[in-house]
Amino acid sequence: LAGEVPKWKFSPDTPIIGANKRYTKREMRKTWHKHAAMTTQLATMLQAAGLGTIGTDIGVNAFMNKADDEIAVFSFAGDRDDVTHGDAPGTVAFENPDVQVHVRNVSSAVAEEKCRLVYNALRNRKDQSVNTHTYTYIQGTISPMPIDMDPERKRPIYMAQFRCQRLPE
């Protein structure tokens with residue numbers, strides 16, 4: 001055995017550790033489409049608030065790279081889904097994803113102010129319906145803060161983070 005490289009075999013149920021949580025590949029595949037739809041729905045809320053236009057200066061899971069003043073909505077795993085007990089045990093009652101919204105601009109002050117507008121537009125929403133989903137709440141968990149500089153054009157990037165709870169599809 002000395003000198004041999006171990007061959008690891010991963011099954012869909014092999015635990016993956018990330019963000020202080022344990023997920024399996026099967027769980028991650030199962031939730032990916034939910035997150036993609038959710039980022040589009042939250043981008044729609046920002047567009048309705050007059051903060052931009054999806055595809056022009058609001059990107060879904062990426063910056064559009066079309067303008068200096070842009071918003072990007074990213075989703076990532078939040079808490080595990082809440083499930084019911086009793087008549088239908090194990091049925092998903094609520095999904096609990098997290099979302100980050102990144103804002104960049106050539107001016108740090110403008111980027112921070114726009115990020116604050118995004119934060120105020122999304123936080124503390126209750127019983128909000130978008131397309132086919134109802135969000136029981138969207139709660140701001142991290143207020144606007146600087147996180148990075150765009151390496152290409154040296155534009156500051158600000159971020160705000162939200163915890164969502166929504167009814168399943």
Taking every non-hydrogen atom, the tightest pair across Ala72 and Ala62: CB-O, 3.6 Å
Co-membership, hydrophobic cluster, residues Val101 and Ile138, 4.5 Å side-chain: yes
Minimum heavy-atom distance Tyr119-Ala160, with the two atoms named: CD1-CB, 3.9 Å
Residue pair Arg153 / Asp68: nearest heavy atoms and the distance that separates them: NH1-OD1, 2.9 Å
Identified side chain to side chain contact (heavy atoms under 4.5 Å, CB included) counterpart of Leu42 within the set Ile58, Val60, Val73: Val73
Distance-minimising heavy-atom pair for Val103 and Cys115: CG2-CA, 3.8 Å
Nearest-0.5 Å distance, CD of residue Gln41 to OH of residue Tyr135: 3.5 Å
Within one Ile-Leu-Val-Met-Phe-Trp-Tyr cluster: Leu51 and Phe162, side-chain cutoff 4.5 Å: yes
Phe63 six-ring face occupied by Arg104 cation (under 6.0 Å, within 45°): yes
Hydrophobic cluster membership, Ile157 vs Leu122, 4.5 Å side-chain cutoff: no
For Tyr137, the rest of its hydrophobic cluster, which grows through side-chain links under 4.5 angstrom: none
Minimum-distance pair of heavy atoms, taken over all atoms of Ile71 and Lys114: CD1-CE, 3.7 Å
Main-chain N/O of Ile54 paired with Gln47 side-chain donor or acceptor, under 3.5 Å: yes
Nearest-0.5 Å distance, CG of residue Asp98 to CD of residue Gln139: 10.0 Å
Connected hydrophobic set around Phe74, excluding itself, where side chains approach under 4.5 Å: none
Interatomic spacing from CD in Glu70 to CE in Met64 - rounded to 0.5 Å: 7.5 Å
Separation between CE of Met159 and NE2 of His102, rounded to the nearest 0.5 Å: 6.0 Å
Gap between atom CD of Gln165 and atom OG1 of Thr136 - 0.5 Å precision: 3.5 Å
Residues 105-113 side chain polar contacts: donor-acceptor under 3.5 Å, at least two apart:
unit_1	atom_1	unit_2	atom_2	d
Asn105	OD1	Ser107	N	2.9
Asn105	ND2	Asp69	OD1	3.2
Ser107	OG	Ala109	N	3.4
Ser107	OG	Val110	N	3.3
Ser108	OG	Tyr158	OH	2.8

